[in-house]
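Below is one structure, written out as structure tokens, with a few remarks after it.
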Amino acid sequence: MKRSDTLAASTSALNTSLGRLVVLTGPSGVGKGTLVKALLAKHPQLHLSVSATTRAPRPGETHGKEYYFFNRLEFETLIATDQLLEWAEYADNLYGTLRPAVEAKIAQGKTVILEIELVGARTVRETFPDTLRVFIMPPSLDELERRLRDRGTDADPVIRRRLNHAKAEIAARDEFDVQIVNDDFDRALEQMERVIIG
Ligand code: 5GP
């Protein structure tokens with residue numbers, strides 16, 4: 001049995017005593033990060049998985065907090081040694097979920113949130129069909145572009161790549177169990193609480 005099969009078996013058989021996975025997907029700039037931060041502040045029993053990435057840290061980001069920052073070779077070693085639950089290439093960088101940390105939290109009965117893009121969300125759906133999959137929608141593509149530009153963290157070509165990704169991700173929203181439109185922050189947060197906490 002592969003390690004991923006073991007976790008899949010344990011999460012489905014013992015869903016009530018072990019923790020569970022929640023996948024949160026939505027276009028870059030939609031406000032997933034802010035929503036998750038608010039959710040975790042209100043519900044400290046939830047745990048957010050810190051991903052690995054080859055993207056350079058943005059100002060203010062630190063290794064181990066927002067992401068674990070690796071170079072490409074290090075990241076490829078993580079893949080080769082089966083340390084990642086899922087991974088994907090996004091806007092020329094690699095992103096992946098570190099398996100050991102997630103497994104440990106699930107074993108402790110925690111609900112673990114994975115804030116990941118579409119390809120990774122699909123992988124998790126294959127491996128862990130019991131995962132709750134939530135898609136966060138922008139009010140519109142124009143509004144998403146405005147948010148990405150206002151954020152001021154990415155250069156114009158990167159913003160355009162992120163918007164193209166956004167279109168593909170929005171087209172796949174029906175693959176998710178729940179869709180939440182982030183037009184009104186408080187309402188979106190309340191909806192997230194309802195589906196994740198119950
Ligand atoms: P950003 O560079 O804006 O932090 O993230 C870019 C995209 O990568 C976002 O859609 C984010 O959800 C996604 N992402 C972050 N971590 C992971 C991960 O571990 N796996 C996958 N597949 N996507 C991730």
Side-chain angles (χ1 to χ4, degrees), residues 4 7 21-37 39-40 47-72 74-79 82-103 105-106 112-128 131-138 141 144-173 175-176 179-180 182 188 192:
S4 53
L7 179 59
L21 284 178
V22 176
V23 160
L24 201 64
T25 301
S28 177
V30 78
K32 292 174 303 221
T34 319
L35 279 169
V36 168
K37 231 184 237 169
L39 188 72
L40 293 178
H47 176 81
L48 176 65
S49 163
V50 179
S51 296
T53 186
T54 60
R55 166 166 81 58
R58 293 179 182 139
E61 287 185 337
T62 45
H63 184 74
K65 192 158 174 264
E66 287 79 14
Y67 283 104
Y68 292 99
F69 296 97
F70 293 107
N71 64 36
R72 208 153 178 117
E74 290 167 334
F75 196 100
E76 280 164 2
T77 305
L78 292 175
I79 298 172
D82 198 27
Q83 297 294 302
L84 300 179
L85 211 64
E86 60 73 35
W87 64 275
E89 182 143 18
Y90 179 98
D92 290 342
N93 284 300
L94 300 172
Y95 295 81
T97 302
L98 289 159
R99 178 193 298 285
V102 171
E103 283 185 349
K105 293 293 173 192
I106 294 279
V112 181
I113 300 178
L114 309 182
E115 190 203 314
I116 61 178
E117 52 67 69
L118 180 62
V119 173
R122 284 178 173 152
T123 305
V124 175
R125 183 183 54 183
E126 301 275 300
T127 326
F128 312 109
T131 302
L132 174 68
R133 284 151 306 142
V134 181
F135 191 87
I136 310 291
M137 285 278 293
L141 271 179
L144 186 69
E145 182 168 357
R146 194 185 63 73
R147 288 182 193 176
L148 279 173
R149 293 194 187 282
D150 284 359
R151 191 160 80 173
T153 48
D154 297 307
D156 200 58
V158 177
I159 290 181
R160 259 181 277 128
R161 270 210 301 276
R162 283 176 184 257
L163 280 170
N164 279 336
H165 261 280
K167 286 181 196 156
E169 292 194 312
I170 291 169
R173 65 187 182 275
E175 295 177 23
F176 290 75
Q179 296 163 22
I180 294 174
N182 188 16
M192 277 182 49

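Remember, it's 1-based here, ligands and their atoms both numbered in the order they're listed. This is a predicted model, so every value here is computed, not measured.
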If you measure every N/O of [X] against every N/O of ligand 1, is any gap under 3.5 Å?
{"X": "W87", "result": "no"}
{"X": "E169", "result": "no"}
{"X": "A52", "result": "no"}

Among all protein non-hydrogen atoms, which one is nearest to [atom], and what is the separation to 0.1 Å?
{"atom": "atom 19 (O) of ligand 1", "value": "S51 OG, 2.6 Å"}
{"atom": "atom 10 (O) of ligand 1", "value": "K32 NZ, 3.2 Å"}
{"atom": "atom 15 (C) of ligand 1", "value": "Y67 OH, 3.2 Å"}
{"atom": "atom 23 (N) of ligand 1", "value": "E117 N, 3.1 Å"}
{"atom": "atom 20 (N) of ligand 1", "value": "E86 OE2, 2.7 Å"}

Ligand 1 atoms in contact with [X] (distance to a heavy atom under 4.0 Å):
{"X": "A88", "result": "22 (N)"}
{"X": "R55", "result": "1 (P), 2 (O), 4 (O)"}
{"X": "E115", "result": "12 (O), 14 (N), 15 (C), 16 (N), 17 (C), 24 (C)"}
{"X": "G120", "result": "22 (N)"}
{"X": "G96", "result": "18 (C), 19 (O), 20 (N)"}

Task: Per-residue contact class, Y90 against ligand 1 - non-hydrogen pairs under 4.0 Å - done: side chain

Check: [X] side chain, [Y] main-chain N or O, donor-acceptor pair, under 3.5 Å:
{"X": "R133", "Y": "E175", "answer": "yes"}
{"X": "R147", "Y": "V30", "answer": "yes"}
{"X": "N182", "Y": "A188", "answer": "no"}
{"X": "R99", "Y": "D82", "answer": "yes"}

- [ ] Consider only side-chain N and O atoms of R151 and T153, and report whether a donor and an acceptor are under 3.5 Å apart.
- [x] yes

Tell me, please: is [X] in heavy-atom contact with ligand 1, that is, under 4.0 Å?
{"X": "R58", "result": "yes"}
{"X": "T97", "result": "yes"}
{"X": "R162", "result": "yes"}

Do [X] and [Y] come within less than 4.5 Å of each other through their side chains, counting heavy atoms only?
{"X": "T123", "Y": "I116", "result": "no"}
{"X": "L85", "Y": "F128", "result": "yes"}
{"X": "T53", "Y": "Y68", "result": "no"}

Check this for me: does any side-chain nitrogen of one of [X] and [Y] sit under 4.0 Å from a carboxylate oxygen of the other?
{"X": "R55", "Y": "D92", "answer": "no"}
{"X": "K65", "Y": "E61", "answer": "no"}
{"X": "R122", "Y": "E169", "answer": "no"}

